[in-house]
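This report concerns only the one structure given below.
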Amino acid sequence: MREQLTRLKDRLNDLSLRNRSIRLLKLNKKWNVDLLQLDGIQGDGGTEKILGAVLSRREKVSLLRITSGNRRMESMGHRLTTLYRNLRQIEEETGMYDLYLGYPFLSGTLTDGTYIQAPLFLYPVRLERRDTGNRSWSLHRGEGDPQLNRTLMLALKKFHRFQVEDTIYDEAEEQALKGDIGSWTQWLRDHGLDLTDPDPDLSPLPEYKKEEIPEQAPLTLNRYVVLGNFPQGNSAILRDYEELMDRQKDGLGMVEELLRVGEGVWEEGDGKDPSADGTEVPQIPERERFYLLPADASQERILRIARTQNKLVIDGPPGTGKSQVIVNLIGDALAQGKKVLLVCQKRAALDVVYQRLDGLGLSSFVALVHDEKNDRKELYGRIQRLLAAPQRSTPDPSSHLEALCRQLEDREAKLNAVKKGLYERHSSGFNAFELYSRAKPLDQVEETVDLSGVLKELDRYNLEDSLREVATYASFYRTVRSERVSVEGTKAFCFLGFAGFLHDQGTFGRDLPKGAGNGEIS
């Protein structure tokens with residue numbers, strides 16, 4: 001289970017070269033600051049002190065105190081303010097605070113020609129301001145321990161064929177606290193990564209334009225120190241995976257059951273529906289279906305399965321009707337007297353479902369919670385209004401509902417019979433749908449040929465050969481008699497006549513229209 005959780009967690013990582021955790025080629029004030037700039041502002045040695053304090057896991061370290069009239073300090077203060085506001089906004093929206101001190105940086109060209117420049121270790125910190133004037137800044141120790149840049153390791157595996165054992169992550173925390181770039185270089189060499197000798201001095205992070213990116217450069221550890229946002233996953237559920245991995249020894253209950261849904265099916269790649277476990281999809285009478293929005297056959301199948309299954313995973317690209325299915329699931333559950341909790345990472349997805357329910361007149365029975373503190377008052381007020389609202393009497397719709405349900409069930413039965421007739425396979429190898437789809441409309445046919453004597457001998461394996469022979473004889477006929485025979489029309493009616501013959505033999509069911517061929521190609 002831990003291996004499966006790790007695999008799922010790694011899928012959240014963005015391995016594109018746009019990811020700052022893999023390739024940081026240019027500093028952006030919204031995302032990062034080169035701390036070596038502080039040496040030119042506050043005097044040499046300031047960055048080394050900050051770096052030493054962070055590596056020693058000090059609780060708080062002073063970063064910058066701006067004095068009046070110092071333009072360079074004020075410029076740095078503006079950069080820190082922009083970074084601070086951006087991080088706070090992301091934290092409010094997603095709950096994630098991915099601010100790290102990145103040090104040292106691994107840079108160079110990989111075997112596939114990709115140039116990388118990314119931090120090896122990430123030290124979690126929080127950027128705090130001491131006053132409202134944004135003139136005094138400090139770094140506080142963040143949650144969690146120093147970590148190896150896992151996104152970088154995954155990129156090395158993908159682009160550099162660097163196969164590293166998972167033990168490197170267990171060793172990373174101890175290694176990160178050493179602060180010796182020489183020992184780090186040897187540590188990576190011991191794990192099979194070929195590195196050149198490092199430069200022992202602190203250096204500013206090189207910035208490159210697209211045309212300036214080095215084409216060939218050896219992999220090297222460099223003493224670049226960057227404070228910035230280095231995301232280790234593009235989803236807020238990354239923390240959930242980490243918590244599950246910590247708790248998985250004690251069992252994960254339903255979460256573990258959900259993770260094992262379809263286990264082995266996708267890995268075998270047989271293309272089967274993971275829910276097709278041999279269990280028959282339950283048939284639900286029309287009067288017991290409470291679908292608020294229109295649903296196609298595949299969506300109705302999901303809704304029926306949800307009636308009997310304790311767990312269900314639905315996957316599909318955008319625009320395939322997932323939110324529509326969710327609304328129908330909510331309506332069906334409410335009709336059965338159940339309570340529903342809908343949880344989603346993205347606020348926009350919750351808003352879509354809420355708007356659909358609001359359009360159906362159900363918003364008064366729905367509480368939309370984005371912030372557990374700020375939305376609490378509105379939630380309690382909504383509950384109070386529901387409890388205080390007088391009970392409204394409505395007419396009994398039972399008789400109308402029964403009549404409508406019988407009508408729908410009758411139409412559904414007829415459509416299923418037509419479907420069965422169209423797709424039932426005849427002994428010839430064809431079904432009616434295939435033949436009708438290949439035939440031309442009646443008004444486009446110019447000639448007909450009577451093949452009643454040989455129709456029983458035709459099947460899907462010799463029909464094309466027979467049609468070629470018909471076309472050949474048609475060309476002879478056209479040459480000899482100088483009369484135009486429509487070969488395409490002949491082919492079309494061969495299909496129509498064959499479909500009519502199969503129908504007349506009772507193959508396709510009583511609900512298809514008669515008179516499609518009557519045993520001859522017409």
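- Atoms NZ and CD1, on Lys30 and Ile90 in that order, are 7.5 Å from each other to the nearest 0.5 Å.
- The side-chain hydrogen bond (donor to acceptor under 3.5 Å, both in side chains) check on Gln216 picks up nothing, with sequence neighbours excluded.
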Do Met153 and Leu148 pass the side chain to side chain contact (heavy atoms under 4.5 Å, CB included) test, and can you show the C-alpha distance, the side-chain angles, and the key distance before you say yes or no? CA-CA 8 Å; Met153 293 296 109; Leu148 190 65; 3.7 Å; yes
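- Considering only heavy atoms from C-beta on, Leu219 stays 4.5 Å or farther from Asp194 through its side chain.
- Ile302 contributes atom CD1, which lies 12.5 Å from atom CD of Gln309 (distance to the nearest 0.5 angstrom).
- When side chains are defined from C-beta on, Leu25 counts as touching Tyr115, because their heavy atoms get closer than 4.5 Å.
- In this structure, CG in Leu368 is found 9.5 Å from CD in Gln355, a value given to the nearest 0.5 Å.
- Here Arg468 contributes atom CZ and Thr472 contributes atom OG1; the two are 9.0 Å apart, rounded to the nearest 0.5 Å.
- Closest of all the heavy-atom pairs between Phe430 and Asp459 is CE1-C, 3.7 Å.
- In this view, Asp410 and Lys414 satisfy the salt bridge (Lys or Arg N to Asp or Glu O under 4.0 Å) rule, not counting sequence neighbours.
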In a table with atom names and distances, give each donor-acceptor pair under 3.5 Å that connects a side chain of residues 378-387 to protein atoms at least two apart or in another chain.
unit_1, atom_1, unit_2, atom_2, d
Glu378, OE2, Arg385, NH2, 3.3
Arg382, NE, Val366, O, 3.3
Arg382, NH1, Ser363, O, 2.7
Arg382, NH1, Val366, O, 3.2

I would like to know whether His160 and Leu193 meet side chain to side chain contact (heavy atoms under 4.5 Å, CB included); could you show each step before the answer? CA-CA 10 Å; His160 197 59; Leu193 189 62; 3.9 Å; yes
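- Residues Tyr100 and Pro119 fail the side-chain proximity criterion, which asks for heavy atoms closer than 4.5 Å.
- Nearest approach of Gln299 to Thr320, heavy atoms of both residues: NE2-O, 3.6 Å.
- Evaluation of the side chain to side chain donor-acceptor pair (under 3.5 Å) test over residues 333-343, restricted to residues two or more places apart or in two chains, returns Asp332-Gln336.
- For the pair Ile22 and Ala155, the tightest heavy-atom approach, listed with the atom from each and the gap, is CD1-CB, 3.8 Å.
- The side-chain hydrogen bond (donor to acceptor under 3.5 Å, both in side chains) search around Asn86 returns none, not counting sequence neighbours.
- In this view, Lys209 and Glu211, Glu212 satisfy the side chain to side chain contact (heavy atoms under 4.5 Å, CB included) rule, not counting sequence neighbours.
- Here the CZ-CG distance, from Arg301 to Asp296, works out to 12.0 Å after rounding to the nearest 0.5 Å.
- In this structure, Thr109 contributes its side chain and Ala217 its backbone to a donor-acceptor pair below 3.5 Å.
- Residues meeting the ring pair (Phe, Tyr, Trp, His ring centres under 6.0 Å) test with Phe159, sequence neighbours left out: none.
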In sequence, state the C-alpha distance, the side-chain angles, and the governing distance for Leu360 and Leu293, and then conclude on side chain to side chain contact (heavy atoms under 4.5 Å, CB included). CA-CA 9 Å; Leu360 295 166; Leu293 296 174; 4.2 Å; yes
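- When only modelled atom types and interatomic distance are considered, His370 and Asp351 share a side-chain donor-acceptor pair under 3.5 Å.
- Within the 4.5 Å cutoff, no side-chain heavy atoms of Leu334 are placed close to those of Phe290.
- Pairing each heavy atom of Arg356 with each of Ser323, the nearest pair is NE-OG, 3.5 Å.
- Partners of Arg88 under the salt bridge (Lys or Arg N to Asp or Glu O under 4.0 Å) rule, at least two apart in sequence or in another chain, do not exist in this structure.
- Considering only residues two or more places apart in sequence or on other chains, Glu215 meets the side chain to side chain contact (heavy atoms under 4.5 Å, CB included) condition with none of them.
- The side-chain heavy atoms of Leu362 and Leu292, taken from C-beta on, include a pair separated by under 4.5 Å.
- Although no hydrogens or angles enter the test, the distance criterion places a donor-acceptor pair under 3.5 Å between the side chain of Gln117 and the main chain of Pro206.
- Between the side chain of Lys322 and the main chain of Pro317, a donor-acceptor pair closer than 3.5 Å is present.
- Checked against salt bridge (Lys or Arg N to Asp or Glu O under 4.0 Å), Glu91 has the following partners two or more places apart in sequence or in another chain: Arg126.
- Atoms CG and CG, on Leu24 and Asn32 in that order, are 5.0 Å from each other to the nearest 0.5 Å.
- Counting heavy-atom neighbours within 6.0 Å of Tyr169 OH, excluding the residue itself, gives a total above 12.
- Qualifying side-chain hydrogen bond (donor to acceptor under 3.5 Å, both in side chains) partners for Asn149, counting only residues two or more places apart in sequence or in other chains: Gln232.
- Side-chain contact check for Asp112 versus Lys158: every heavy-atom pair is 4.5 Å or farther apart.
- A donor-acceptor distance shorter than 3.5 angstrom exists from the side chain of Glu434 to the backbone of Asn431, with no hydrogens or angles considered.
- Using a 4.5 Å heavy-atom threshold, the side chains of Asp98 and Leu122 count as separate.
- Residues Leu350 and Val369 are not in side-chain contact: their nearest non-hydrogen atoms beyond the backbone lie 4.5 Å or more apart.
- Residue Asp465 qualifies as enclosed at atom CG: its count of foreign heavy atoms under 6.0 Å is above 12.
- Ala118 approaches Ser21 most closely through the heavy-atom pair CB-O, 3.2 Å.
- Legend: residues meeting salt bridge (Lys or Arg N to Asp or Glu O under 4.0 Å) with Asp443, ordered by chain and number and at least two apart, are absent.
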If you apply the rule side chain to side chain contact (heavy atoms under 4.5 Å, CB included), what do you find for Leu156 with Leu110, and how did you get there? CA-CA 8 Å; Leu156 289 173; Leu110 306 182; 3.6 Å; yes
